[in-house]
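The block underneath contains the structure these notes are about, expressed in structure tokens.
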Amino acid sequence: MARRKIVAGNWKMNKTPSEAKALVEMLAPLVKNDDVDVVYCVPAVDITTVVEAVKGSNVAVGAENISDKDKGAFTGEISGAMLADAGVKYVIIGHSERREYYKEDDAFLNAKVKKAFEYGLIPILCCGESLEQRELGQTIDWVRLQLKSDLKDIPAEQAATMVIAYEPIWAIGTGKVATTEQAQEVCKAIRDLIAEIYDTDTAEKIRIQYGGSVKGASAPEIFAQPDIDGGLIGGAALTEDFGKIVNYNK
Ligand code: PGA
């Protein structure tokens with residue numbers, strides 16, 4: 001069975017609730033595509049507004065973070081129960097900005113992946129190398145290391161439903177897209193790793209996105225790669241171009 005493509009916007013720390021509502025309304029006619037799962041991963045304070053605004057449409061809502069804890073005295077944190085009850089379906093875990101600026105390490109991210117599943121949320125788990133690592137030829141070893149730790153003790157049935165986003169750090173927000181060959185090579189290596197950790201059935205089911213400066217103009221070629229099942233989109237997710245990315249096959 002062919003994997004369904006998934007295109008997710010990562011809004012990062014952009015859009016107030018009223019701006020979020022306006023963006024959803026602007027994008028609504030542009031992001032219809034029956035062949036693709038469309039997700040808006042939005043700031044926590046926008047979730048209620050966006051869930052309401054996408055009601056009855058083909059768009060699902062994701063969060064950008066989740067607590068590794070269930071509830072209690074963790075000031076500033078947001079639990080899986082809160083996200084699920086608010087109508088969230090997906091959650092980004094391990095974005096390079098969180099790894100770098102907030103020092104989230106793989107053991108912590110593994111706990112977050114487990115929490116997401118506990119609350120019925122689908123993780124969009126991010127991985128990717130720095131420019132230095134790429135230049136040293138360490139890309140695939142590094143991504144394998146990240147994912148092995150992040151997926152520790154996650155059963156195959158859960159892994160099969162999740163999304164992995166390969167995002168080379170040097171391509172994020174820089175306008176520098178990985179070549180389709182580079183993106184496909186790493187996404188294939190990720191699928192091979194999943195087959196190694198689990199089995200080929202799980203590897204065939206798991207969806208792997210490319211992220212890093214994807215635009216409407218580059219999406220068709222990138223998404224046509226055999227191991228690339230869509231994209232995680234930052235900058236362009238806040239513009240009309242997101243509609244073009246979602247409709248990459250039209
Ligand atoms: P970008 O961001 O599309 O702006 O490069 C991608 C991401 O960080 O998910």
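Whatever order the structure lists ligands and atoms in, that order sets their numbers, starting from 1.
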Residue portion contacting ligand 1 (non-hydrogen atoms closer than 4.0 Å) for Asn10:
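Side chain only.
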Ala237 contact mode with ligand 1 (heavy-atom cut-off under 4.0 Å):
neither
Can you give me the closest heavy-atom contact between Ile47 and Ala86, atom names plus distance?
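Heavy atoms of Ile47 and Ala86 come nearest at CG2-CB, 3.9 Å.
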Any N/O of [X] closer than 3.5 Å to an N/O of ligand 1?
{"X": "Ile233", "result": "no"}
{"X": "Thr174", "result": "no"}
{"X": "Lys12", "result": "yes"}
{"X": "Gly234", "result": "yes"}

Looking only at heavy atoms of [X], does any of them come nearer than 4.0 Å to an atom of ligand 1?
{"X": "Ala236", "answer": "no"}
{"X": "Gly211", "answer": "no"}
{"X": "Gly175", "answer": "no"}

Ignoring hydrogens and angles, state whether a donor on the side chain of [X] or [Y] is under 3.5 Å from an acceptor on the partner side chain.
{"X": "Tyr166", "Y": "Glu129", "value": "yes"}
{"X": "Asn58", "Y": "Lys32", "value": "no"}
{"X": "Thr49", "Y": "Asp46", "value": "no"}
{"X": "Asn65", "Y": "Lys112", "value": "yes"}
{"X": "Glu167", "Y": "His95", "value": "yes"}
{"X": "Asn33", "Y": "Asn249", "value": "yes"}
{"X": "Tyr119", "Y": "Asp85", "value": "no"}

Given Asp37, which partner from the list Lys89, Arg4, Lys5 fulfils the salt bridge (charged side-chain N to carboxylate O under 4.0 Å, His left out) test?
Arg4
Which of these passes salt bridge (charged side-chain N to carboxylate O under 4.0 Å, His left out) with Asp106: Arg98, Arg99, Lys148?
Arg99
Which atoms from ligand 1 have a heavy atom of [X] less than 4.0 Å away?
{"X": "Gly173", "value": "1 (P), 4 (O), 5 (O)"}
{"X": "Leu232", "value": "6 (C), 9 (O)"}
{"X": "Ser213", "value": "1 (P), 3 (O), 5 (O)"}
{"X": "Gly212", "value": "5 (O)"}
{"X": "Ile172", "value": "2 (O), 5 (O), 8 (O)"}
{"X": "His95", "value": "7 (C), 8 (O), 9 (O)"}
{"X": "Ala171", "value": "5 (O)"}

What about Leu151 and Leu121, same hydrophobic cluster or not, with Ile/Leu/Val/Met/Phe/Trp/Tyr joined at side-chain heavy-atom distances under 4.5 Å?
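Same cluster: Leu151 reaches Leu121 through Ile, Leu, Val, Met, Phe, Trp or Tyr contacts under 4.5 Å.
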Can you tell me the protein heavy atom closest to atom 7 (C) of ligand 1 and the distance?
Glu167 OE2, 3.1 Å
In terms of residue, atom name and distance, what is the protein heavy atom nearest to atom 4 (O) of ligand 1?
Gly235 N, 2.8 Å
